[in-house]
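Chain letters run A, B, ... following the sequence lines, proteins first and then strands; every chain starts at 1.
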Number of protein chains: 2
Amino acid sequence: MQSALSELEKEVVDVFVRIAGALSLPRSVGELYGVLFISPQPMCIDDLMRKLKISKGSTSQGLKILRSFGAVNSVYVAGDRRDFFTAEAELRRIVSGFVNEQVRPHLDSGQARIARITSLLEEDSSENKEFIAERIERLQGWQKRAGALLPFASNFMKPD
Amino acid sequence: MQSALSELEKEVVDVFVRIAGALSLPRSVGELYGVLFISPQPMCIDDLMRKLKISKGSTSQGLKILRSFGAVNSVYVAGDRRDFFTAEAELRRIVSGFVNEQVRPHLDSGQARIARITSLLEEDSSENKEFIAERIERLQGWQKRAGALLPFASNFMKPD
DNA sequence: CAGATTGTTCATAAAATAATGAACAGCCAG
DNA sequence: CTGGCTGTTCATTATTTTATGAACAATCTG
């Protein structure tokens, strides 16, 4: 296992670094997934640190995040005490993990907040109450739509 | 037009600040949209600065971003030299603007990068070539799927 | 045209986010 | 139990991102 990224590996890692950025995840998370994604063998923390030249802390933290939504799988390697990992390669699983862990909670707290807003609005008595009420209802509709889109998006990834 | 945020306004702004965060947009962009969203009247830069207590630079910059994907509309107010704005309230328009301006370009450059990777792979002659080839193909499939999902997501917002 | 008024830009400051690495906790092997 | 690995945590440092505000350009107004 050579400890430098080949040109090809660098490109692949770069793809995932950009994806990570789009998802508001740390750069290192994208790097880690990228390296695992094109590695035929499972890798341990030490391998990843050496390949990417990042610290042990970042590596551990990054893997924790990846595991949190199932983007990475642990693999047992006989005769080695260390933990090894591979990239989860089924898009559907990653998407649904991500949705459940990183997106749904936000939607839920948004739901709660809108409920609070509705009750604030009742106490309110400005001349614009009607307009504001319409806006809040609209916002609620958006929320609902977003919630409906998520499971659909997961299914959309079905065959992969 | 009072120059402080009511409790209700604060809550609404907060909702959009969180959404902005999820979309990797500056906090101020969420604040601006939020205030416009619950404002019955069009607002000018000065109004927004005062309401949100943010600088003129942030306000101008934030509105520029919002305009870039059609989240905000310019309104002419008779007898006033200043520019006035309202929040675009049709979700479908905002989504499709956002997709076209902020998402599609990333997908496209990703496409280009994958093409480059494919050519790098041809020069490559490791024993793992086959495995890597499979992964790159898979990645390409993901890319394609993402591209297909976007127009669908836009349509999903249809009635709003 | 001269003087205001309005909006944009951009160098700098401030704030938020991520990475580092040393300290620590757990665990196995002898 | 002791010593050596392995992985995690977290206070600090580094980096990146965002906000600020003064300088500027553009546009009206009288």
Give one of base, sugar-phosphate or nothing for [X], where a contact means two heavy atoms less than 4.0 Å apart.
X	result
B:Lys64	sugar-phosphate
A:Ile54	sugar-phosphate
B:Asp46	nothing

May I have the distance from [X] (atom [atom1]) to [N] (atom [atom2]), rounded to whole angstrom?
X	N	atom1	atom2	result
A:Leu66	D:dT8	CG	P	12 Å
A:Arg27	D:dT16	CZ	P	8 Å
B:Leu63	D:dA19	CG	C1'	15 Å
A:Lys56	D:dC10	NZ	C1'	14 Å
B:Asp83	D:dA26	CG	P	16 Å
A:Arg82	D:dG4	CZ	P	18 Å
B:Leu32	D:dT20	CG	P	11 Å
A:Met49	D:dC5	CE	C1'	14 Å

Does one hydrophobic cluster hold both B:Tyr33 and B:Phe84, with members joined at side-chain heavy-atom distances below 4.5 Å? no
With a 6.0 Å cut-off (strictly less than), is the heavy-atom count around NZ of B:Lys129, excluding the residue itself, greater than 12? yes
Looking at A:Arg27, I want to see if its CZ is surrounded by more than 12 non-hydrogen atoms of other residues, nucleotides or ligands under 6.0 Å. no
Does the side chain of B:Ser28 get closer than 4.0 angstrom to OP1 or OP2 of D:dA19 through an N or O atom? yes
Can you tell me if B:Arg81 touches the phosphate of D:dG30, counting only side-chain N or O atoms and a distance under 4.0 Å to OP1 or OP2? no
Show the atom names and distances, to 0.1 Å, of all donor-acceptor pairs under 3.5 Å that link a side chain in residues 72-82 of chain B to residues at least two apart or in another chain.
from, atom 1, to, atom 2, distance (Å)
B:Asp80, OD1, B:Arg82, N, 3.0
B:Asp80, OD1, B:Arg82, NE, 3.0
B:Asp80, OD2, B:Arg82, NH2, 3.0

With no hydrogens and no angle check, is any side-chain donor or acceptor of A:Ser60 less than 3.5 Å from a backbone partner on A:Lys56? no
With sequence neighbours excluded, residues passing side-chain contact (heavy atoms from CB on, under 4.5 Å) with A:Asn128: A:Ser126, A:Ile132, B:Pro40, B:Gln41
Determine the interplanar angle of the B:Trp142 and A:Phe37 rings, folded into 0 to 90°, and report it as parallel if under 30°, tilted if 30 to 60°, perpendicular if over 60°. tilted
Taking any atom under 4.0 angstrom from a heavy atom of chain A, which nucleotides of DNA chain C are the first and last to qualify, 5' to 3'? C:dA18 to C:dC27
